[in-house]
Every structure is written in C-alpha cells, then in structure tokens.
Amino acid sequence: MDFMMNRRGALSAFVSGVLGLWSAGEARAEKMAKPEISPPDPTETMLLWPNGAPGGDGVDVEEKILERGDPKGLRDRAQVHTRVPKLVVFRPKTPNGAAVMLIPGGGYERVVLDKEGYETARWLSARGYTCFVLFYRLPGDGWAAGGDTPLQDAQRAVRLIRAQAAAMAFSADRVAVMGFSAGGHLAANLTTRFDVATYAPFDAADGLPAKPNLSALIYPVITLDPAFAHGGSRKQLLARQDTPERVAALSLEKQVREGLPPVFQLHAADDKAVPVENSLLMFSALKAKGVPAEMHIFEEGGHGFGLRFISGKPVAAWPGLFEAFAKRHGL
C-alpha cells in the first residue's frame, strides 16, 4: 500500500514537474515572441555630411523607415531613400581597441536595419568592438554620383570613424568593414576602390585614409556580369550609366590588386538570391593577387540569414570564424 502511494506520488510529482517545465517553456517562448525582446535602439549617431550630402540637387525622394513585421516578434525594419547618411554607434562596455563598420544589405533599394545591422553590431560590441552601422544613400535616387554614391558615403564614414578613434578608445589602424549582400558589394567596393576620388574634401577628416584594415564580405554581391549578378543591385548601380566601363568598374573581382587588406568571405551554396559564384570569383581574384583571404561556403543557409536565421545550422559557426580570422590579423 505504501509502495503504491509512493509510486502514485512520484508519478504525480513527475507529471507536475513536466507540466511546470512545459508552462515555463511556453512562457519563455511567449516572451521571446514579443517585440520588446529587441533591445532599445542606440541613440548616438554621427552625420556624414553636416551641410548636406554632395550631388543632391534635384533629389526629391522621401526618407522613411518601413516596418516589415517579423512574425516572431523581432523587429525587421528597412530604410528607403536615404537623404541624411549617418553612422549609428554601438559602444562596448570594455573596448578591445578595434572598430567595425557594418554595411547592411537591401539590394541597393533599401538599408536593412535590424538583422544585418543592429543585431550584428550588438554581438560584436559585446566582444569589445566599437561598432558603427552605416545608413548610406542609394544609387537609384537621383544623386549626381550615380553608382558611386554609396561609395562616397562609405569612404567618408571610414574617415570619420578614424577621426574619432582616440576619443572612442580604439586604434585608427584597427578599423574593419563588414558588409552583407548589396552591403557586401559596397564593402568590397570600399576595399578595392578606397582611393578613388569620389568627392571633394570636406574637412580635415578627409585627409585620413579610407582603406579598411580588414574586410568581411557576407553573402556579397560582387560581379555585375549578367551570368551571376544580382539583378536588382545591377539595375540600381547602372541606372545612370550602363556602359562596359562602368560594369567593369563595379564588378569588384576585376578591381582586385596587390596590397589590399585581409578579406573574410562567407556564403551559402544554396543562396538563390545572390549566386555563390560571386564569392568564388572574388576569392579567386584575391588569391591571384596574393591578398590574404579566407572563404567559408556552407551547404545550406540561403540568403540574408545574418545572425537571426542560423540556429541549428552549420552556418551558425560563422560569427566565431570571423572573430578568429579578425584576431589572427590583428583586429
């Protein structure tokens, strides 16, 4: 009798425990599904062009943020028609002496804020990196520089970051750039064409170099060759000038030369938006010129995963792989 009572009591306790765990798990899942799991946005920003961006006569688009409504509750915003390019700053609690400028993607039609910008910046800043998320102008919005408009902003941004190095406790010689998708094209553009004069000097910061010390290209658009190009990015970049010369200038595998900074590359083989050949072409060009480079091609992952869509997949290793590469190269 005592044995039966004890067994029933144990069973009851087990069932209660399981239900308790299930309820706690359900509560955690419910909490995770709420939008407030996305931390507050940072409030510190740096304007790239205090007196207005160059070449804006006749630009009449309206800058705005689109809320794209992620069903899991995480924010998924995109800025369209950037009029006031800026850097959003993420300061680490304990600076490690290095900085990373993040360039989100968006097909050169928008700038994706959260999954390729803010989320990655938070991950990196938790590891000591001072991070800057770049909100750049888009080439199809009527700016005079056309396809070089985003490069103007990227060059200016790196120079402004270096100008703030001492005040923000990092080294001006330890500044990396990380770009995603079309932002990967802009990062590669900056990496290979950092010294192209895209705008007239504005202030003392423009005397500083725009060349990054390290570059990370995450599922990047690289080539404008129609065989492998991302159609939307190609259309936007060539909107004002579609000539063989411009195609070559903005096909960045053709702009690789000796002396470029180390480059980390990441792509998924099943990427249906930006073919993996973009990364393969870039890696081959880098190796041919003796540029230090590391490439990781994962079997699955698709496109646009950032940090948000990697759980349980081999591609989840990528942040640690980047961090290890960065440390090996002094960042």
Side-chain angles (χ1 to χ4, degrees), residues 25-26 28-35 37-39 68-78 90 100 102-107 110-127 129 131 133 176-188 214-222 228 230 232-233 262-284 286 293-328 331:
E26 186 179 41
R28 284 195 298 270
E30 183 180 358
K31 181 179 180 181
M32 289 182 67
K34 294 180 179 178
I37 64 172
S38 293
R68 304 191 296 180
D70 189 290
K72 295 181 181 179
L74 292 169
R75 302 195 77 176
D76 184 17
R77 295 166 292 174
F90 290 75
V100 181
L102 295 120
I103 310 180
R110 64 194 71 83
V111 178
V112 177
L113 276 67
D114 294 294
K115 67 175 180 176
E116 293 173 349
Y118 290 3
E119 289 174 14
T120 311
R122 290 187 183 101
W123 190 92
L124 288 166
S125 64
R127 285 150 182 82
Y129 293 97
C131 293
V133 177
V177 59
M178 177 184 287
F180 301 78
S181 192
H185 183 274
L186 181 50
L214 184 141
S215 180
L217 311 178
I218 314 300
Y219 40 84
V221 176
I222 293 294
F228 302 118
H230 175 250
S233 296
V263 177
F264 174 90
Q265 291 183 251
L266 169 72
H267 221 115
D270 64 349
D271 191 328
K272 292 180 171 55
V274 178
V276 69
E277 283 80 4
N278 281 263
S279 283
L280 298 175
L281 287 168
M282 190 64 172
F283 184 76
S284 295
L286 292 166
E294 178 173 303
M295 178 174 62
H296 297 274
I297 305 295
F298 287 88
E299 179 183 3
E300 59 178 308
H303 187 75
F305 45 80
L307 294 177
R308 185 174 291 189
F309 301 118
I310 61 176
S311 179
K313 299 178 182 178
V315 75
W318 86 259
L321 292 171
F322 165 75
E323 187 177 20
F325 178 83
K327 288 180 177 178
R328 286 201 309 275
L331 194 78

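The model shown is predicted, which means the values in this text are computed figures rather than measured ones.
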ask   = Between Ile222 and Ala188, what is the shortest heavy-atom contact and its length?
value = CD1-CB, 3.8 Å
Under 3.5 Å: donor-acceptor pair, side chain of Trp318, backbone of His267 = no
query = Hey, are the side chains of Phe322 and His296 touching, using non-hydrogen atoms and a 4.5 Å cut-off?
reply = no
Note, Leu102 side chain near Leu124 side chain (heavy atom, < 4.5 Å) = yes
Minimum heavy-atom distance Pro39-Arg122, with the two atoms named = O-NH2, 3.4 Å
inquiry  = Please find the pair of heavy atoms, one from Leu321 and one from Phe298, that lie closest to each other, and give the distance.
reply    = CD1-CZ, 4.0 Å
key: Any Leu266 side-chain heavy atom under 4.5 Å of Phe305 side chain   = yes
inquiry  = Between Lys115 and Gly304 (side chain of the first, backbone of the second, donor and acceptor by atom type, cut-off under 3.5 Å), is there such a pair?
reply    = yes
ask   = Could you walk me through whether His230 and Asn278 pass the side-chain contact (heavy atoms from CB on, under 4.5 Å) check?
value = CA-CA 9 Å; His230 175 250; Asn278 281 263; over 6 Å; no
request  = Please step through side-chain contact (heavy atoms from CB on, under 4.5 Å) for the pair Asp76 and Arg308, ending with a clear verdict.
outcome  = CA-CA 11 Å; Asp76 184 17; Arg308 185 174 291 189; 3.9 Å; yes
key: Residue pair Leu280 / Met295, side-chain heavy-atom distance below 4.5 Å   = yes
task = Indicate the atoms forming the closest heavy-atom contact of Ile297 with Val276, along with that distance.
result = CD1-CG2, 3.6 Å
key: Atom of Asp270, atom of Gly302 and distance for their closest heavy-atom approach   = OD1-N, 2.7 Å
inquiry  = Can you tell me which residue among Phe309, Phe180, Tyr219 is in a side chain to side chain contact (heavy atoms under 4.5 Å, CB included) with His303?
reply    = Tyr219
query = Do the side chains of Val112 and Arg68 get nearer than 4.5 Å, heavy atoms only?
reply = yes
inquiry  = For the CZ atom of Arg77 and the CZ atom of Arg110, what is their distance to the nearest 0.5 Å?
reply    = 15.5 Å
task = Measure the CZ-CD distance between Phe283 and Glu294 for me, rounded to the nearest 0.5 Å.
result = 8.5 Å
key: Tyr118-Phe90 aromatic ring centre distance below 6.0 Å   = yes
query = How long is the span from the CD1 atom in Ile103 to the CG atom in Leu217, to the nearest 0.5 Å?
reply = 9.5 Å
query = Between Ser279 and Pro220, what is the shortest heavy-atom contact and its length?
reply = OG-CD, 3.3 Å
